[in-house]
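These notes are about the structure you will find just below.
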Amino acid sequence: MQNKSIAELAADLRLRKYSSTELTRHYLDRIARLDPRLNSFITVDAEAALAAAARADEALARDEGRPLTGIPIAHKDIFCTKGVRTSCASRMLDDFVAPYDATVVERLAAAGAVMLGKTNMDEFAMGSSNETSYYGPVANPWDTSRVPGGSSGGSAAAVAARLCAAATGTDTGGSIRQPAALCGITGIKPTYGRCSRWGMIAFASSLDQAGVMARSAADAAFLLDEMAGFDERDSTSAEVPVPDYVDALDNDISGLRIGLPKEFFGEGLDPRVGAAIEAAIREYEKLGAEIREISLPNSPLSVPVYYVVAPAECSSNLARFDGVRYGHRCADPADLEDLYTRSRAEGFGAEVQRRVMIGTYVLSAGYYDAYYLKAQKIRQLIADDFKRAFEEVDVIMGPTTPSTAFALGDKMDDPVAMYLNDIYTIATNLAGLPGMSIPVEPVEGMPVGLQLIGNYFDEARLLNIAHRYQHLTHWHQAAPAGFE
């Protein structure tokens, strides 16, 4: 059952080949048996999952099921879930139980999806390897000595290992696409504002976006159909009509204009990864696509810009965690200052503290204009580069990451090397564009991701382009040894 697509699982449930309760038990058994090797889940709520599956079975018996009714999924532990711990993989929120559901959680539950549990992640979504989690690192199911990527590494590993049919993730600078690439799955970050951020614990408010991690573009389309759309509770939500993503999957792509940014294929890219990406591009040529070289001249500045803007916003957002109302509180504080300093020092890990300090510095008097304001100006130049590119092409393609998954612990002592792992993904977030990663031919047994970047609110086209490639290839169907 775990190797079937969402469409196949939904058809089987409608035909009563098995029940949602049986399917949910199957995934729960796999989690219990296999996840100790990965640490991809922080919380598994078997009781609630089985209760949701029973309700799905009742709806299916009345022929009231929707495409996701009875399908077991997981949520990244950054989404608030009513009555279930929402930790953000931090000691700061280790005992926090949300009193409400995030909009994304609410909509998927209304569609009949069954939540198995909450997946591991980098603490407060700050990291590129899923090693900053308070609950320990996540292992890559393709090679458990390597990282799964981050910050949505738990969701990526769980989907790749067939521990859930699909999972939610969030992407601030590549945190869906990078782990999707390293774990050999499909991940899509929609346009900023396409999916509600309400109930999604904020890291960098102008960059964070909810998205989907699944085995295929078709599976991702089923979830995005339910997740996307305007939410009046989110002031950054875009009131733009949502197309039927599943219906658009099989559209013809002949004549598609693909742009290859020369900045994505230069120094720093593993030549073996580059070769795999070029082979995938040739498949698109066979489908009738036209290839053009383009330039995104300011994209090399995306990493330094991001590491001014994102820490500045995180410094502001995380100020609320002070030990007063909720979250970790130090024992026996001597006074208010002691309460603040010890609660935050004990509750936040090293990477979160590093980013809060950087963000506070760049926003401080005398440095705001020199750093934050200048970064925002360059951010606009990066967005303008994309605007000019989309006057010539329909989609931009390139590598998602410069290499395959690196070893656990390999970059933890070198923050700059860790940050550079997102060099191809960050510009998309700075511009607010939709981005996607799909698996292509692996390198020495390790997954490689092809990145697709679309114009604003063009997720349907990205999913269509990805689906047509996956219709011709089988890389998205491959399972890691031991997790088949």
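All values below were derived from every heavy atom in this structure, side-chain atoms included, with hydrogens, water molecules and symmetry-related copies excluded.
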Please check this pair: side chain of [X] against backbone of [Y], looking for a donor-acceptor N/O pair closer than 3.5 Å.
X    : Y    : answer
R329 : G323 : yes
N130 : G154 : yes
R162 : R30  : no
R85  : D77  : no
S152 : S175 : yes
T425 : D422 : yes

Looking just at side-chain N and O atoms, do [X] and [Y] make a donor-acceptor pair shorter than 3.5 Å?
X    : Y    : answer
S295 : E263 : yes
K118 : T81  : yes
T144 : R37  : no
S437 : Q178 : no
K76  : S155 : no

Does the side chain of [X] reach to within under 4.5 Å of the side chain of [Y], using non-hydrogen atoms?
X    : Y    : value
P261 : I396 : yes
Y135 : S87  : yes
L182 : W142 : no

Would you list the atom pairs, donor with acceptor, under 3.5 Å between side chains in residues 406-418 and any protein atom, with sequence neighbours excluded?
unit_1: D414; atom_1: OD1; unit_2: V416; atom_2: N; d: 3.4
unit_1: D414; atom_1: OD1; unit_2: A417; atom_2: N; d: 3.3

In a table with atom names and distances, give each donor-acceptor pair under 3.5 Å that connects a side chain of residues 198-211 to protein atoms at least two apart or in another chain.
unit_1: S205; atom_1: OG; unit_2: R197; atom_2: NH2; d: 3.3
unit_1: S205; atom_1: OG; unit_2: N317; atom_2: ND2; d: 3.0
unit_1: S206; atom_1: OG; unit_2: E313; atom_2: OE1; d: 3.2
unit_1: S206; atom_1: OG; unit_2: E313; atom_2: OE2; d: 2.6
unit_1: S206; atom_1: OG; unit_2: R379; atom_2: NH1; d: 3.0
unit_1: S206; atom_1: OG; unit_2: R379; atom_2: NH2; d: 3.4
unit_1: D208; atom_1: OD1; unit_2: T172; atom_2: OG1; d: 2.6
unit_1: D208; atom_1: OD1; unit_2: A204; atom_2: N; d: 3.2
unit_1: D208; atom_1: OD2; unit_2: F203; atom_2: N; d: 2.9
unit_1: D208; atom_1: OD2; unit_2: A204; atom_2: N; d: 3.1
unit_1: Q209; atom_1: OE1; unit_2: C195; atom_2: N; d: 3.0

message: Give me the atom names and distance for the closest heavy-atom approach of T132 to E123.
response: OG1-N, 2.9 Å
